[in-house]
Amino acid sequence: MLPEGRKEWQVRVFENRYPIFSSQAGSETYGIHEVIVETPDHEAVFHRMPVNDIALVMQAIRERMACHSLNRHLAALMAFRNQGLRGGASLSHPHTQLVGLSMIPPRLAEEADTFLSQAEHGSCPLCLDVSDPFIVVEEGSFRALSPSVPRFPREIWIAPVHHEPSFLNLTDVELDDLSALVKKVLGALSGFFDPFDYNIVFHTEPLGDESGTFHTHLEIVPRAEPLAGFEIGSGMMVNPAPALEAVAELRNVLIP
Ligand SMILES: [Zn+2]
Ligand SMILES: [Zn+2]
């Protein structure tokens, strides 16, 4: 049955026609790759969609992640959203992608290691004190913050205020808060970029990680400049925008 007042489903999920991974379970390159179509409206702009519709996308991501978390061939799940040419979008209809990998990808593994080693010292890099200068704004159960060493100008992360390792555990109410904040932050960021191309990455604890030390988060990464030779050759990122200046500029837009 369709939700009340809806003529058709807002969000649909398909297998990706051009999957990154092999569908052969047991293969080293095994994985799953799904496309979450966010809205029937081809022209919709994600950050201008109603919060309720963004929340339906968040719920779909959580449900599909929960489903694939039962697949014992998978080691990690990750969702991502590519916006615009520089964000690597190959399809213009608004969509998010979900992948499940048979290995933990290097960046997620590095983050999980950092969370684990910080926990040994009794802290979590995303359980911030309310006065932390890297916090941009808080919306209910979520807050937006700048990583202390952002890779890209005005890179912003969004994380639950309270420690929560898994995106799968977020409640509908928390996903509503998250959606409202994502909309606000994307809206604010869009004023600094033309065109506003970006990626959103959804990081959740690796499957089978029972340490509870990971802190789930979204990374919003504006893509004003393509990666150039230095970045590709060195693996180092050049970011001319200091983190705290970006925080101050965004606060000016977001906090009246
Ligand atoms: Zn935490
Ligand atoms: Zn992350």
Side-chain angles (χ1 to χ4, degrees), residues 20 31 58 61-62 65 68-69 74-83 87-88 96-101 103-171 174-175 177-179 181-182 185-186 189 198-223 227 231 235-237 239 243 246-247:
I20 299 176
M58 298 294 178
I61 294 169
R62 181 191 59 193
M65 280 187 169
H68 292 300
S69 71
L74 296 178
L77 298 168
M78 186 179 81
F80 57 93
R81 186 168 202 291
N82 299 334
Q83 180 71 46
T96 291
Q97 300 179 59
L98 173 68
V99 291
L101 301 87
M103 44 90 85
I104 303 175
R107 222 178 97 71
L108 189 65
E110 196 184 305
E111 284 190 359
D113 283 350
T114 304
F115 282 117
L116 190 61
S117 64
Q118 290 275 310
E120 282 160 8
H121 298 101
S123 68
C124 166
L126 290 183
C127 284
L128 302 177
D129 187 82
V130 69
S131 62
D132 193 287
F134 288 95
I135 295 174
V136 177
V137 69
E138 211 169 289
E139 179 95 22
S141 51
F142 277 79
R143 63 169 56 125
L145 57 122
S146 167
S148 50
V149 187
R151 295 160 296 172
F152 293 85
R154 298 192 176 85
E155 174 178 349
I156 294 293
W157 292 17
I158 297 187
V161 173
H162 296 294
H163 189 79
E164 174 51 64
S166 176
F167 192 85
L168 283 66
N169 291 340
L170 298 174
T171 65
E174 286 170 324
L175 291 184
D177 288 347
L178 172 63
S179 304
L181 189 52
V182 165
V185 169
L186 287 176
L189 284 171
Y198 63 85
N199 301 107
I200 303 181
V201 175
F202 293 70
H203 274 159
T204 183
E205 70 178 345
L207 299 171
D209 179 350
E210 281 163 6
S211 70
T213 55
F214 199 89
H215 192 137
T216 188
H217 57 278
L218 271 65
E219 301 177 8
I220 299 176
V221 183
R223 300 295 307 279
L227 289 183
E231 287 86 353
M236 294 159 77
M237 306 297 290
N239 177 1
V247 169

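Quick note: numbers below take in every heavy atom, side chains included, and nothing from hydrogens, waters or symmetry partners. Order of listing sets the numbers, starting from 1, for every ligand and every atom in it. Numbering starts at 1 and runs along the sequence shown.
- Aromatic ring pairs are classed by plane angle as parallel below 30°, tilted from 30° to 60° and perpendicular above 60°; the pair Phe214 and His203 is perpendicular.
- You'll find the side chain of Val185 stays beyond 4.5 Å of the side chain of Val136, heavy atoms only.
- Looking at residues two or more places apart in sequence or on another chain, you find a side chain to side chain contact (heavy atoms under 4.5 Å, CB included) between Pro160 and Phe142, Glu164, Leu170, His215, Thr216.
- With waters neither drawn nor counted, the protein N/O/S atoms under 2.8 Å from the Zn ion (ligand 1) amount to 4.
- Taking the side chain to side chain contact (heavy atoms under 4.5 Å, CB included) definition, one finds that Ser123 meets it with Gln118, sequence neighbours left out.
- Ile220 places none of its side-chain heavy atoms less than 4.5 Å from the side chain of Phe152.
- The side chain to side chain contact (heavy atoms under 4.5 Å, CB included) search around Pro133 returns Leu244, not counting sequence neighbours.
- Geometry at the Zn ion (ligand 2): NE2/His217 and ND1/His203 form an angle of 120°, nearest 10 degrees.
- Residues Ile104 and Asp209 form no side-chain contact, since every pair of their non-hydrogen atoms from C-beta on lies 4.5 Å or further apart.
- Vertex the Zn ion (ligand 2), arms ending at OE2 of Glu219 and OE2 of Glu111: the angle is 90° after rounding to 10 degrees.
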